Amino acid sequence: MKLLLIHSDFIEYEVKDKAIKQPEETTIKKGRLDEALTAFTAVEKIDEKSPSQSVKQTADEIIKTAEQLKVKNIMLYPYAHLSSNLASPKKAQEILIEIEYELKQNNYNVKRSPFGWYKSFKISCKGHPLSELSREIVPVDEESESLKKERKLSSYWNILTEDGQLLDIGKFNFEGHENLRKFSFYEKEKSRAVKQEPAHVKLMQKLEIADYEPASDGGNMRFYPKGRFIKKLIEEYVTKRVVEYGGLEVETPIMYDMDHPTLSKYLQRFPARQYQVESDKRNFFLRFAACFGQFLMAHDATISYKNLPLKIYELTRYSFRREQSGELTGLRRLRAFTMPDVHAMVSDLEMAMSEFKVRFDLCLSVLNDIGIENDDIEMALRTTRDFYEKNKNFLIDLVKKFKKPILIEMWDERIFYFILKFEFNFVDMSDKASALSTDQIDIENGERYDIKFTDKNGTQNHPLILHCSPSGAIERVIYALLEKEAMKMNKGQKPMLPLWLSPTHIRFIPVDNKFIKDCEEYVNVLKNISELYHIRSDIDDREESVSRKIRDAEKEWIPVIIVIGEKEKTGKKFTPRFRAVSIGDSNKSYSINELFELIKSQIKGFPQATSPLPTYLSKRPKFK
RNA sequence: GCCGCUGUGGCUUAGAGGCAUAGCGAUUCCUUGGUAAGGAAUAGGUCGAGGGUUCAAUUCCCUCCAGCGGCUCCA
């Protein structure tokens, strides 16, 4: 529904010719209203999907404005030209009549100009700031509203311990489980102790990782070379792990037809959350997950029980969710994000559960390897009471794998499409919790998308589907890594990115220009020593003092800093500044080969890439 | 989306109804260096955008945009 509201001294119209085949029958050819709020309206396709919601929301919006302006007269004026995606005339007329009725119920003096006619009209707009307003109304589906209410009413929050005790949140002793306490209360009470801006925002800018892009929509970030590099490596790593697990990597479109029979039903539940794209006469929405493409692909595939579990994987760049503007922050919550998404089609619940376990291990291992350890995350399970009772030991086994108590939310009845879901949540310095890895057992969409596999007996069945993101959104992983380092800084420790993600491993600092040549030689030795492992080294060739260059390198979180002068040149040994004792010993000397081995041993198994920036610092622009 | 706060060169910031501050960074020059800032000069501004009040607005008022905090939300 599109609305154009005009606070007018008067509005008058006169009916001329038919605009559509069967316009509204009317005997009144002229109408006028003084001191009125004129509401030009265009009923749109989307309003047809939940007309009663549309009526209610539109009436509410008009009433709100009328109250502000203190007017009692309302002219409801159909004006098709406000939208290029109109509802059918019949529906539109019905909706307008309903709105008129609704407004009259609220004691407004309402006139409605007849539908489907060309009319001449005169209007006098008052011209003050509030006198001209346009509004777009997207009806919120009533069913989903009620579902949400129901969910809130009947969900139970508990803590499940490793030894299988199920305790009420209020009764659990959170001593030694500070983050679980924060996470639990964040989830249940939405309460927050600390109120400050997230620490990673400054860091992502200072380190030239990512930044806001004012020329785009909110939550669509720009990534600088270093950020793109880090993001790419994480993407590659997650993909590698999923492919090893057996995921078949695919690529699917980012936009889908809103009127596609299978998708539209699913979409109706969340109508306000997508970006929409128009192309000729069709309307598309930008995907908010990888499900659509993969399910449609699976729908057309011939699948035998022998193929199960069938794992399909895509790294979506991007998935889009039009989160409310007030909810967007830094890299934590975005409108465009990169999501690894691996589905597994399984034959039955038994296979689903055994696969769930495999993927649980995968998620935990992926996060750990990226640099987010068990101590950094809290686990949540969400399920039905029934599933819990029947599979208690299965769930407790998961808690044992996680090695600390978890939050469990239960419903009396299944409300969503899944019966079991787990999440690993990161709790940041502001006590906000964000989900990283997740997996769920979906028992609805196999049928909804009509995906079929043939079983031993030759009969066709719908599979159950597991939805998993082993790491969560890649941007959010970066957020978590940065927040983790910010916490370290708070404790007076040096922050650092994991070695495999550092854009520069070794910074060479010549004490004099004449040693630049030697630095080049070392960089080349490191480059050529192996084709498999890339040690990323660079040279600070700027006209600055040595201590200045060291300071800048430290500010850039460079893991290994080496000053090159006469001593190094002749001795062929270096005494680097290691950012952490875990990398190396700053009191010892290393040859170039020893350095290579040292770093190699720590980046083995991770994606390898050469530096994203010029070797010489003098060649690098400052992006921030 | 709602309520509140904020918006001054690339960055951090001072200021106030009447010539717009400084530091960092950049550029040029000097310095030719040994483990967290060597020195000097120069350039760089529609004071977030649009409208209004005023002789005069970056400053006051309104609208919009963006960021932050809270609410809501997170399929």
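In what follows, chains are A, B, ... by sequence order, proteins preceding strands, each numbered from 1. Predicted model, so just to flag it, every value in this text is computed and none were measured.
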Between [atom2] of [N] and [atom1] of [X], the distance in whole Å:
X      : N     : atom1 : atom2 : result
A/K202 : B/G69 : NZ    : P     : 10 Å
A/R551 : B/A36 : CZ    : P     : 11 Å
A/L617 : B/A26 : CG    : P     : 11 Å
A/Q205 : B/G25 : CD    : C1'   : 16 Å
A/I509 : B/U32 : CD1   : C1'   : 16 Å
A/E187 : B/C73 : CD    : P     : 12 Å
A/K555 : B/C11 : NZ    : C1'   : 10 Å
A/E543 : B/C29 : CD    : P     : 10 Å

Is a donor-acceptor pair below 3.5 Å formed from side chain A/R332 to base B/C74, judging by atom type as modelled?
-> no

What about A/E568: does its side chain form a donor-acceptor pair under 3.5 Å with the base of B/G34?
-> yes

Could you check which of B/C68, B/U35, B/C24 has an atom nearest any side-chain atom of A/I550?
-> B/U35

What nucleotide among B/A36, B/A75, B/C73 has an atom nearest to a side-chain atom of A/R333?
-> B/C73

Short side-chain N/O contact to [N] OP1/OP2 from [X], under 4.0 Å:
X      : N     : answer
A/S547 : B/G33 : no
A/R577 : B/A36 : yes
A/K622 : B/C11 : no
A/K206 : B/G25 : no
A/R620 : B/G25 : no

B/U46 pairs with which nucleotide, Watson-Crick or G-U wobble, both distances below 3.5 Å?
-> none

Give one of base, sugar-phosphate or nothing for A/Y212, where a contact means two heavy atoms less than 4.0 Å apart.
-> sugar-phosphate

Could you check whether A/I564 gets within reach of a base, just the sugar-phosphate, or nothing at all, counting any heavy atom under 4.0 Å?
-> nothing

Starting from the 5' end of RNA chain B, give me the residue, A/R476 or A/R542, whose nearest nucleotide shows up first.
-> A/R542

Would you kindly compare A/S325 and A/R579 by the position of their nearest RNA chain B nucleotide and give the one closer to the 5′ end?
-> A/S325

What integer number of Å spans the [atom1] atoms of [N] and [M]?
N     : M     : atom1 : result
B/G23 : B/G44 : C1'   : 15 Å
B/C73 : B/G15 : P     : 40 Å
B/U53 : B/G17 : C1'   : 12 Å
B/G9  : B/A22 : P     : 15 Å
B/U8  : B/C47 : C1'   : 4 Å

Test salt bridge (charged side-chain N to carboxylate O under 4.0 Å, His left out) applied to A/E187 and A/R382, A/K182, A/K432, A/R181, the passing residue | A/R382

Tell me yes or no: between the side chains of A/T252 and A/E314, is some donor less than 3.5 Å from an acceptor?
-> yes

Which distance, rounded to the nearest 0.5 Å, do you find between the NZ of A/K549 and the CD of A/E543?
-> 7.5 Å

